Amino acid sequence: MSEKIIPRRIAVAAYSRLPESVVEAVAISTFLKERGIDSIHGMLDDATLRKRVKNGDFDLFIAVGGDGSMLRASHLCAPCNLPILGINMGRLGFLMQIQRDEWRNALEQLFKGDYWLENRMMLRAEHLRSGDSLGVWHALNEAVVCRGASVRPVRISASVDGMVLTTYVCDGLIAATPTGSTAYALAAGGPILPPELRNILLVPIAPHLSVDRAVVLSEGTSVNMVVREGDAVLSVDGQIPVGLAENDIVDVRIGDFVSQFIRFGDPGYFYRNLTAHMNQNRSIGMPR
């Protein structure tokens, strides 16, 4: 959906490991049906629901959970050009604007057309070995090449558009989107980028006697991360790691898809959310 419309066919999906999100998904679906909206509810990992999304049966996807639910929803919905409304039931909710006690008012606004679509770039990460492609993934947050089971650092060389940037001796190297700049990259000391940018952010993890600063690449550039030495793995958006051999290449560039998020009010929501999260880390219940 590239233009703003009033959705009439809505899928509501909950994170199965968060019981309260399942209860809330049922309530949201009931609320929609009472207003004459064609709505179903299910789990994010439900095969039937996912198949219907891929078949184009819906014009809006409501993800009920935390930031992890938004990541999973993005992987599913972005290739289908299906916008997502996130309802935060988790702890942080960097990707969420609507809290669990706000969704009724938000949906009323939505049906009045009082919303806007935020497009967030995704990455395309390809695993290459001796010229052969062993897999392609799409990420909303990041692609990470890092040490595996061994506690030893790995040696990773990074090239930008075919030109060598540097070689890192580190625990890992993060290639992040602006969305991912508030995730793992932030924990590793990287800068926070506005979500509307289309730049790749490179952040080393625990670099040892090598470049220890994050690098923001120009829009449209690609980066190759090559394992030069050590036991390394590739992890995309925190999914199950894939083993890497020495001289394997992970090619990262801007992906073919964008994640579309339903937003309300002015774009300043991002900075208000950011300030709230940085002042209070709710995952441990203590001020920072």
Side-chain angles (χ1 to χ4, degrees), residues 1-7 10-15 18 20-21 23-25 27-29 31-32 37 39 41 44 58-78 81-122 139-142 176-183 185-186 192-198 237 257-283:
M1 184 173 79
S2 57
E3 296 183 359
K4 188 166 68 172
I5 66 169
I6 305 301
I10 300 177
V12 185
Y15 181 42
L18 201 61
E20 56 266 41
S21 74
V23 174
E24 209 72 20
I28 294 169
S29 185
F31 176 89
L32 293 170
I37 304 298
S39 171
H41 66 272
L44 270 166
F58 308 107
D59 48 27
L60 176 65
F61 191 92
I62 298 180
V64 187
D67 281 343
S69 299
M70 287 293 275
L71 290 176
R72 293 178 180 89
S74 293
H75 297 160
L76 173 63
C77 296
N81 205 31
L82 179 63
I84 304 165
L85 172 61
I87 309 297
N88 185 34
M89 303 289 293
R91 291 172 298 192
L92 289 177
F94 265 114
L95 301 179
M96 310 285 211
Q97 184 186 9
I98 305 303
Q99 304 303 312
R100 63 186 304 175
D101 59 345
E102 299 173 338
W103 61 258
R104 289 173 179 83
N105 288 337
L107 289 174
E108 295 291 0
Q109 282 185 256
L110 178 73
F111 296 131
K112 293 176 184 177
D114 185 16
Y115 73 94
W116 53 281
L117 283 174
E118 179 183 63
N119 292 321
R120 294 201 176 197
M121 68 166 270
M122 298 183 74
L140 177 62
N141 270 350
E142 73 275 303
T177 65
T179 298
S181 73
T182 57
L186 179 63
I192 296 171
L193 304 182
E196 67 271 15
L197 295 185
R198 291 179 57 81
D237 275 354
F257 312 122
V258 296
S259 285
Q260 298 184 61
F261 295 159
I262 297 286
R263 300 300 190 195
F264 301 94
D266 65 272
Y269 86 90
F270 172 75
Y271 300 100
R272 290 190 293 272
N273 262 10
L274 184 64
T275 301
H277 290 317
M278 297 301 286
N279 286 339
Q280 178 75 32
N281 187 337
R282 284 183 270 173
S283 67

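The basis for the numbers below is simple: all heavy atoms, side chains too, and nothing from hydrogens, waters or symmetry mates. Note that the structure is predicted; figures quoted are calculated from it, not measured.
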Candidate pair R198 and V258, rule side-chain contact (heavy atoms from CB on, under 4.5 Å), full reasoning: CA-CA 10 Å; R198 291 179 57 81; V258 296; 4.0 Å; yes
Distance-only, no hydrogens or angles: does the S29 side chain make a donor-acceptor pair with backbone N or O of A25 under 3.5 Å? no
How about F261 and S74: do any of their side-chain heavy atoms sit closer than 4.5 Å? yes
For the pair D237 (side chain) and A139 (backbone), establish whether a donor and an acceptor sit closer than 3.5 Å, ignoring hydrogens and angles. no
If you compare all heavy atoms of W116 against all heavy atoms of G265, which two are closest, and at what distance to 0.1 Å? NE1-O, 2.7 Å
Rounded to the nearest 0.5 Å, what separation is found between the CD atom of E24 and the CZ atom of R100? 5.0 Å
Roughly how far, to the nearest 0.5 Å, is CD1 of I98 from CD1 of I62? 10.5 Å
Treating S181 as the side-chain partner and L193 as the backbone partner, does any N or O pair qualify as donor plus acceptor under 3.5 Å? yes
Mind checking whether I262 and Q109 have side chains closer than 4.5 Å, heavy atoms only? no
I want to check something: taking the side chain as every heavy atom from C-beta on, are F31 and E108 in contact at a cut-off of under 4.5 Å? yes
Report yes if the side chains of L140 and R120 come closer than 4.5 Å at any heavy-atom pair, otherwise no. yes
State, to 0.1 Å, how close A27 and W103 come at their nearest heavy-atom pair, and which atoms those are. O-CH2, 3.8 Å
Backbone N or O of Y15 within a donor-acceptor pair of the S21 side chain at under 3.5 Å? yes
For V12 against S39, the heavy-atom pair lying closest together: CG2-OG, 3.9 Å
I'd like to check I87 versus M96 (side-chain heavy atoms, cut-off strictly below 4.5 Å). Are they in contact? no
Distance-minimising heavy-atom pair for G86 and M70: CA-SD, 3.6 Å
Determine the minimum heavy-atom distance between A13 and F61, stating which atoms define it. CB-CZ, 3.4 Å
How long is the span from the OG1 atom in T179 to the CG atom in L71, to the nearest 0.5 Å? 9.0 Å
Between the CD1 atom in I6 and the NZ atom in K112, the distance rounded to the nearest 0.5 Å is 11.0 Å
Do P178 and M121 come close enough that some side-chain heavy atom pair is under 4.5 Å? yes
With no hydrogens and no angle check, is any side-chain donor or acceptor of S259 less than 3.5 Å from a backbone partner on A78? no
Determine, stepwise, if the pair L32 / F111 fulfils side-chain contact (heavy atoms from CB on, under 4.5 Å). CA-CA 10 Å; L32 293 170; F111 296 131; 3.5 Å; yes
Working to the nearest 0.5 angstrom, can you tell me the gap between L76 CG and L44 CG? 8.0 Å
Compare all side-chain heavy atoms of F264 with those of E102 and state whether any distance is below 4.5 angstrom. no
Rounded to the nearest 0.5 Å, the CG atom of N81 sits from the CG atom of D59 at a distance of 12.0 Å
Between L107 and I28, does a side-chain contact (heavy atoms from CB on, under 4.5 Å) hold up when you go through it step by step? CA-CA 9 Å; L107 289 174; I28 294 169; 4.2 Å; yes
Side chain to side chain, I192 and F270, heavy atoms closer than 4.5 Å: yes
